[in-house]
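Below you'll find the structure, written out as structure tokens, and then a few comments.
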2 protein chains.
Amino acid sequence: MTDGVAERSRPRDRILETAQDMFHKHGIKGVGVDAITEAAGTNKMTLYRHFESKDELIIECLRATAAKASRIWDEFEAEHPGDKLAQLHAWVRKASQLLSADSRGCDMANAAVELSESDHPARRVIKELKEAQREKLVALCRDAGIGQAELLADTLSLLLEGARVSMQSVGAEGPSAQFVRMAESLIASFRAR
Amino acid sequence: MTDGVAERSRPRDRILETAQDMFHKHGIKGVGVDAITEAAGTNKMTLYRHFESKDELIIECLRATAAKASRIWDEFEAEHPGDKLAQLHAWVRKASQLLSADSRGCDMANAAVELSESDHPARRVIKELKEAQREKLVALCRDAGIGQAELLADTLSLLLEGARVSMQSVGAEGPSAQFVRMAESLIASFRAR
DNA sequence: TCTAGAAGTTACAGACCGGTAACACCCTAG
DNA sequence: CTAGGGTGTTACCGGTCTGTAACTTCTAGA
């Protein structure tokens with residue numbers, strides 16, 4: 001018999017998956033460990049046997065989310081082998097799919113907003129993961145033959161980051177609705193230089 | 001004798017100003033009403049005599065912050081009377097000043113991230129205020145003689161929103177460092193069309 | 001100077017939080 | 001069959017949170 005949340009797997013995996021989902025939906029400070037374990041079909045003691053604290057659970061969730069996102073890049077390569085420009089367009093399309101209605105945005109950015117303590121252990125993890133993502137996009141732009149690759153990658157990054165947070169303020173019909181047009185126009189402009 | 005926080009003014013004003021500051025620095029869920037009243041040199045009962053709940057205090061803080069931001073537009077008009085294009089460049093410069101190190105970003109966007117409950121009373125206020133800001137920027141672009149005023153305004157909005165949240169993830173040396181160059185380049189591009 | 005309302009003080013209620021202790025249980029490997 | 005590790009259960013600790021009650025003190029205006 002399954003459990004709705006996930007196939008009857010090991011408690012640690014269920015906790016991790018459930019926590020990712022609940023942190024994303026309700027925010028990190030908006031959900032307690034009791035609620036997570038209950039939704040995961042287990043209990044608090046088991047959580048603390050696998051994670052030494054809630055902060056460590058947060059960090060593991062961020063790493064897991066980043067790992068999932070990282071796998072998408074493999075799909076780009078698989079769908080458009082060697083064609084870096086096509087992969088860049090695929091990135092735009094994939095990014096725009098993150099802007100569906102009532103999305104809660106980027107987990108790492110949201111965590112950075114919520115965890116305001118400057119010495120919170122998750123902060124350095126967020127920075128590392130975000131920088132890794134940035135370098136991937138820079139490399140993609142460069143390999144696509146774009147001159148100012150860093151500048152285009154950073155511009156696209158800010159546009160997407162802005163779109164994801166804007167959606168949470170004003171919804172999907174706000175400025176973020178024009179994301180694809182903005183991004184494609186930018187890429188065309190950079191290619192023409 | 002003054003009190004560090006603010007001149008000896010009326011408790012309600014001190015609470016409002018202190019709450020704005022503390023919500024900005026530590027996040028809404030990261031600060032309790034006790035801490036606010038203590039920092040404001042008053043007490044919890046006085047707070048609840050002026051605000052019927054913490055949620056209402058949050059809303060009043062957002063309105064106050066938006067009102068402050070609104071006054072900046074008057075400065076643009078005062079510094080460059082009638083010259084809407086100069087005012088647009090002033091907007092870019094002012095926006096870039098929001099990207100100083102260890103900034104905590106936009107209060108309204110942060111609140112939208114923190115208050116994940118879709119029916120939270122602050123959500124509609126955030127949406128209203130953000131939409132008002134958007135329309136101001138659209139009007140500025142249009143009056144500056146730019147053809148696709150809405151698209152430029154939305155692009156600039158997303159860039160700034162993204163820069164402000166990116167800073168909280170990766171710091172001021174990340175993609176947000178190029179904000180001015182991106183924005184100016186965009187304006188030039190739209191003007192050339 | 002007197003008075004009314006604003007502000008301060010203390011204590012408390014009820015809920016939730018992260019985290020731990022002690023113990024019972026189950027299921028699989030040997 | 002048995003031993004042991006992973007898991008479940010219950011209860012609890014100390015702390016924090018929003019919000020309220022009852023009472024005292026202050027202060028400005030008539």
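Values in this document were obtained by computation on a predicted structure and should not be read as measured data. Only this structure's heavy atoms are used, side chains among them; waters, hydrogens and symmetry mates stay out. Proteins get letters first, then strands, A, B, ... in listed order; numbering begins at 1 in each.
- Taking 4.0 Å as the cut-off between side-chain N and carboxylate O, A:Arg124 and A:Glu128 count as a salt-bridged pair.
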Please report, to 0.1 Å, the donor-acceptor pairs under 3.5 Å made by any side chain of residues 179-193 of chain B, with sequence neighbours excluded.
from: B:Arg181; atom 1: NE; to: B:Gln178; atom 2: OE1; distance (Å): 3.4
from: B:Arg181; atom 1: NH2; to: B:Gln178; atom 2: OE1; distance (Å): 3.1
from: B:Glu184; atom 1: OE1; to: B:His89; atom 2: ND1; distance (Å): 2.9
from: B:Glu184; atom 1: OE2; to: B:His89; atom 2: ND1; distance (Å): 3.1
from: B:Arg193; atom 1: NH1; to: B:Gln148; atom 2: OE1; distance (Å): 2.8

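- In this structure a side-chain-to-backbone donor-acceptor pair under 3.5 Å is present from B:Glu77 to B:Gly82.
- Taking the charged nitrogens against the carboxylate oxygens, B:Arg123 and B:Glu117 have no contact shorter than 4.0 Å, which rules out a salt bridge.
- When each of C:dA7, D:dG8, D:dA21 is scored by its nearest atom to the side-chain atoms of B:Thr46, the top-ranked nucleotide is C:dA7.
- Of all nucleotides listed (D:dG8, C:dA7, D:dG19), D:dG8 comes nearest to the side chain of A:Arg14.
- Taking the side chain to side chain contact (heavy atoms under 4.5 Å, CB included) definition, one finds that B:Ala90 meets it with B:Phe76, B:His80, B:Arg93, sequence neighbours left out.
- Residue A:Asn43 places its side chain closer to D:dT9 than to any other of C:dT9, D:dT9, C:dT20.
- Between the side chain of A:Thr37 and the main chain of A:Asp34, a donor-acceptor pair closer than 3.5 Å is present.
- The stretch residues 27-37 of chain A comes close to DNA chain C through A:Val31, A:Gly32, A:Val33, each having a heavy atom under 4.0 Å from the strand.
- With contacts defined as side-chain heavy-atom distances shorter than 4.5 Å, the pair A:Gln87/A:Trp73 does not qualify.
- Across residues 47-61 of chain A, A:Tyr48, A:Ser53, A:Lys54 each have a non-hydrogen atom less than 4.0 Å from an atom of DNA chain C (numbered order).
- C:dT10 atom P lies 13 Å from atom NZ of B:Lys44, rounded to whole Å.
- Neither side chain, B:Asp21 nor B:Thr18, offers a donor N or O lying under 3.5 Å from an acceptor on the other.
- As a whole-Å value, the separation of B:Arg10 CZ from D:dA28 C1' is 13 Å.
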Begin from the C-alpha positions of A:Lys44 and A:Glu38 and carry the test salt bridge (Lys or Arg N to Asp or Glu O under 4.0 Å) through to its verdict.
CA-CA 8 Å; A:Lys44 197 156 50 168; A:Glu38 189 189 335; over 6 Å; no
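- Listed pair A:Thr42 / D:dT7 fails the phosphate criterion, with no side-chain N or O lying under 4.0 Å from OP1 or OP2.
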Between side-chain atoms of residues 160-167 of chain A and protein atoms elsewhere (two or more places apart, or another chain), which donor-acceptor pairs fall under 3.5 Å?
from: A:Glu161; atom 1: OE1; to: A:Lys130; atom 2: NZ; distance (Å): 3.1
from: A:Glu161; atom 1: OE2; to: A:Lys130; atom 2: NZ; distance (Å): 3.2
from: A:Arg164; atom 1: NH2; to: A:Gly105; atom 2: O; distance (Å): 3.2

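- Residues from residues 113-126 of chain A lying near DNA chain C, meaning a heavy-atom separation below 4.0 Å, are absent.
- Nucleotide D:dG8 holds its P atom 11 Å from the CE atom of A:Met45, rounded to whole Å.
- Checking side-chain atoms of B:Ser70 against main-chain N and O of B:Ala66 turns up no donor-acceptor pair under 3.5 Å.
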